[in-house]
Structures are given as structure tokens and as C-alpha cells.
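Have a look at the structure below, then the notes.
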There are 2 protein chains.
Amino acid sequence: MKSAEMRSDCPISSSLDIFGDKWSLLIVRDLMLHKSRTYGDFTKSAEKIATNILANRLQMLENNGIIIKLLYPGNKVKGLYRLTPKGVDLIPALIEIALWGGKNISNIDDGSPFLKEVKKNKTKFLKKIMDGLLQEDKTNID
Amino acid sequence: MKSAEMRSDCPISSSLDIFGDKWSLLIVRDLMLHKSRTYGDFTKSAEKIATNILANRLQMLENNGIIIKLLYPGNKVKGLYRLTPKGVDLIPALIEIALWGGKNISNIDDGSPFLKEVKKNKTKFLKKIMDGLLQEDKTNID
DNA sequence: TTTTTTTACTTGCATATTGAAAGTGATTAT
DNA sequence: ATAATCACTTTCAATATGCAAGTAAAAAAA
């Protein structure tokens with residue numbers, strides 16, 4: 001399920017084989033910002049992902065060990081998606097992409113509280129957010 | 001040509017609107033590793049990009065100010081592609097993606113000289129490679 | 001307890017993108 | 001003068017995307 005579908009043994013190329021599309025990293029972004037999300041939560045994001053694409057990407061991210069699906073406490077219908085350590089590990093890349101967009105795309109607000117905090121102290125911010133996501137207290141939801 | 005085709009005002013989403021596919025960042029990678037490339041050079045990379053996709057991506061990267069096309073000295077047919085400062089600015093993201101792949105994808109060599117040097121001192125490595133690409137000495141070709 | 005709503009998907013279908021292969025026209029090398 | 005190189009373009013089949021509607025089970029409301 002791995003090297004057969006890889007275009008080369010370059011780590012960048014192989015990474016893009018997994019998340020090189022317009023949607024996968026947005027799911028990771030939502031889980032970075034909110035820690036856990038249900039299927040419905042994802043559909044409410046600003047980019048309006050189609051439900052068939054969402055289902056497809058959640059499955060592939062799970063297959064690749066980037067997210068896990070947990071049971072929503074006290075509900076047999078809902079699922080709860082979270083980042084695995086492998087998924088949390090994507091955050092530095094995500095942050096660099098966000099910084100690039102803030103700096104280099106016109107019409108993008110470079111001064112959002114989020115980007116401002118990142119730029120104030122990147123290392124500290126990364127540690128804080130990654131540590132927060134890595135401790136999986138299944139009780140606190142959001 | 002900008003905000004109309006953006007899915008939201010999120011810097012990550014808007015960045016992916018530009019380079020969120022399996023090929024664009026590989027072109028940037030080649031220009032990071034080699035400083036300048038011709039059309040034919042790109043087709044020789046391990047991932048074997050189709051020429052129609054290559055032409056399309058070079059055009060869109062140029063439209064978005066990430067690469068520039070220069071004249072190949074002493075040749076009226078060849079072109080020379082290079083990263084603009086905006087393109088060089090993508091390197092931190094590219095490096096994080098490479099590090100993620102090296103660490104998290106099986107069958108990928110995590111101990112290549114390139115990744116080893118990055119990990120030894122990321123800041124230093126970034127500065128070195130970005131500075132090198134930013135000084136555009138149009139004479140030295142590689 | 002019946003009805004309605006919520007939730008997480010799946011299905012169908014039109015459109016867009018990708019990929020492989022072959023073609024083109026202008027240099028450039030022989 | 002001829003052949004080879006180079007940078008694309010074109011064609012067409014295969015795949016992916018996007019939208020809208022449908023479904024089945026559980027949960028909440030009446």
C-alpha cells in the first residue's frame with residue numbers, strides 16, 4: 001500500500017503522493033485549530049468541502065495514519081477525528097505554508113492573531129500547539 | 001486573477017489554491033536543488049512529469065510570481081527557469097515537508113546527505129540555501 | 001410512542017483534470 | 001543540407017472533482 005504508488009523515493013514527492021491535493025491539509029488544519037472534529041464540523045468550514053470528497057479524504061488520512069477516528073462519547077452515530085502523532089508532525093509544514101500565504105498572497109490578512117502569534121515566537125508556538133494536541137484527553141471535546 | 005478563485009481567506013487554503021497539487025512543489029524542489037533548469041531538465045526528474053502538465057504548471061507558477069523564465073544565454077530556443085524571491089520563500093515549507101516525509105513515510109531514506117544536513121542545523125541550512133538562490137548570478141548555470 | 005431531526009455517509013452524473021503518446025515548428029548541431 | 005534537439009501543443013482515454021440528491025441509523029422532540 002506504500003511504495004508501489006510512489007512516484008519516486010524523494011521525501012517531498014512521496015509526501016505529496018499522500019497529501020498533495022487541495023483538501024487533505026485543510027482537514028489537518030481544522031484538527032490543528034480545534035483538536036477534534038466530527039464529520040459535520042468539517043463540512044462547516046469556510047471552504048465548503050463536498051461530502052464525497054470529505055469521506056474519501058478522511059478515509060485516506062486514516063489509512064495513512066495521519067488521523068484516527070474515535071467514538072463520540074455517549075453517541076453511537078457521531079465519530080470524533082483527531083490527529084495522530086504522525087499528523088501532529090505535519091504542523092510545522094502547515095505553519096510554514098500559512099506564513100508563506102500570509103506574506104505572499106495579496107488579499108490575505110497577514111496580521112491575524114494566529115499568524116501574529118506564530119511570528120512572535122515560532123518555536124514556542126509550535127511546541128505549545130503540538131504538545132497540546134499530543135496529549136489526548138479524550139474527555140475534553142473541541 | 002486572485003481572490004475570485006480563492007475558496008476562503010485562510011492563508012493555508014489560499015496557498016493550496018496555488019500549489020496544492022502533486023506537481024507544482026516538485027518544480028520548486030528542482031529549482032531549489034539546481035538553481036536553474038530548462039524545460040527539458042524538468043522532464044528528466046525521477047517523477048516523470050508529462051509535458052502538458054509541465055507546461056501548464058510552469059505557466060501558472062510564473063503567473064503567480066513564484067518562478068521566472070529567463071533567456072538561456074546563447075540559445076534562442078531554450079529557456080531558463082528560476083525561483084523568484086516569492087518562490088525562494090517557499091523553501092522553509094518545502095523543507096518541513098521533506099523532513100516529514102523522511103521521518104514518517106516508510107521506504108523513504110531518512111538518512112540522505114540532504115536531510116542529514118538539514119537536521120544538523122535547520123536555520124543555518126535554510127539561510128545558506130535561500131541566500132544562494134536569491135543572488136541571481138545569471139552567468140553560472142546549474 | 002410516533003415523528004422529526006441529526007448525523008454520517010453513498011450514489012449518480014456532469015464537468016474538469018490528468019496522463020500517455022504523438023505531433024509541430026523553430027532552432028541548433030553535424 | 002540534414003538530422004537532432006528543444007519547447008511546447010494536441011489528442012484522447014482514464015481518473016478525479018463537484019454538486020445535488022438519497023439513505024439508513026440513531027437521537028431528540030412532540
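Below, chain A is the first sequence line, B the second, and so on; all start at residue 1.
Using a 4.0 Å heavy-atom cutoff across all strands shown, A:Thr43 reaches no nucleic acid atom at all. At the heavy-atom level, A:Phe42 lies nowhere under 4.0 Å from the strands shown.
Extent of DNA chain C lying under 4.0 Å from chain A heavy atoms, first and last nucleotide in 5' to 3' order, is C:dT7 to C:dG12.
Protein atom OH of B:Tyr72 is 18 Å distant from nucleotide atom C1' of D:dC8, rounded to whole Å. Counting to the nearest Å, the P atom of D:dA24 and the OH atom of A:Tyr39 are 16 Å from each other. In this structure, B:Gln59 atom CD and D:dA7 atom P are separated by 15 Å, rounded to whole Å. Atoms NZ (B:Lys22) and C1' (D:dA16) sit 11 Å apart, rounded to a whole Å. In this structure, CZ of B:Arg37 is placed 16 Å from P of D:dC8, rounded to the nearest angstrom. A straight line from CG of B:Leu58 to C1' of D:dT9 spans 14 Å, rounded to a whole angstrom. To the nearest angstrom, P of D:dT9 lies 11 Å from CG of B:Leu54. Nucleotide D:dA7 holds its P atom 8 Å from the NZ atom of B:Lys44, rounded to whole Å.
Between B:Lys69 and the phosphate of D:dC8, there is a side-chain N or O to OP1/OP2 separation shorter than 4.0 Å. Contact between the side-chain N/O atoms of A:Arg57 and the OP1/OP2 oxygens of D:dT17 is found at a separation under 4.0 Å.
Closest contact between the side chain of A:Asn75 and the listed nucleotides D:dA27, D:dG18, D:dA7 involves D:dA27. Side-chain proximity of B:Asn52 to D:dT11, D:dA27, D:dC8: nearest is D:dT11. Of the candidates D:dA20, D:dG18, D:dC6, the closest approach to any side-chain atom of B:Val77 belongs to D:dC6.
Looking only at distances, a side-chain donor or acceptor of B:Thr84 sits under 3.5 Å from a matching main-chain atom of B:Ile66. Checking side-chain atoms of A:Arg7 against main-chain N and O of B:Lys22 turns up a donor-acceptor pair under 3.5 Å. With hydrogens and angles ignored, the 3.5 Å screen pairs no side-chain donor or acceptor of A:Thr43 with any backbone N or O of A:Ala50.
Using a 4.0 Å cut-off between charged side-chain N and carboxylate O, A:Lys122 and A:Glu96 make a salt bridge.
Between A:Phe19 and B:Trp100, the distance separating the two ring centers is shorter than 6.0 angstrom. The ring of A:Phe125 has its center closer than 6.0 angstrom to the ring center of A:Phe114.
Taking the side chain to side chain donor-acceptor pair (under 3.5 Å) definition, one finds that A:Asp30 meets it with A:Ser45, sequence neighbours left out.
Take the nearest nucleotide of DNA chain D for A:Asn56 and for A:Lys76: the residue whose nucleotide is more 5' is A:Asn56.
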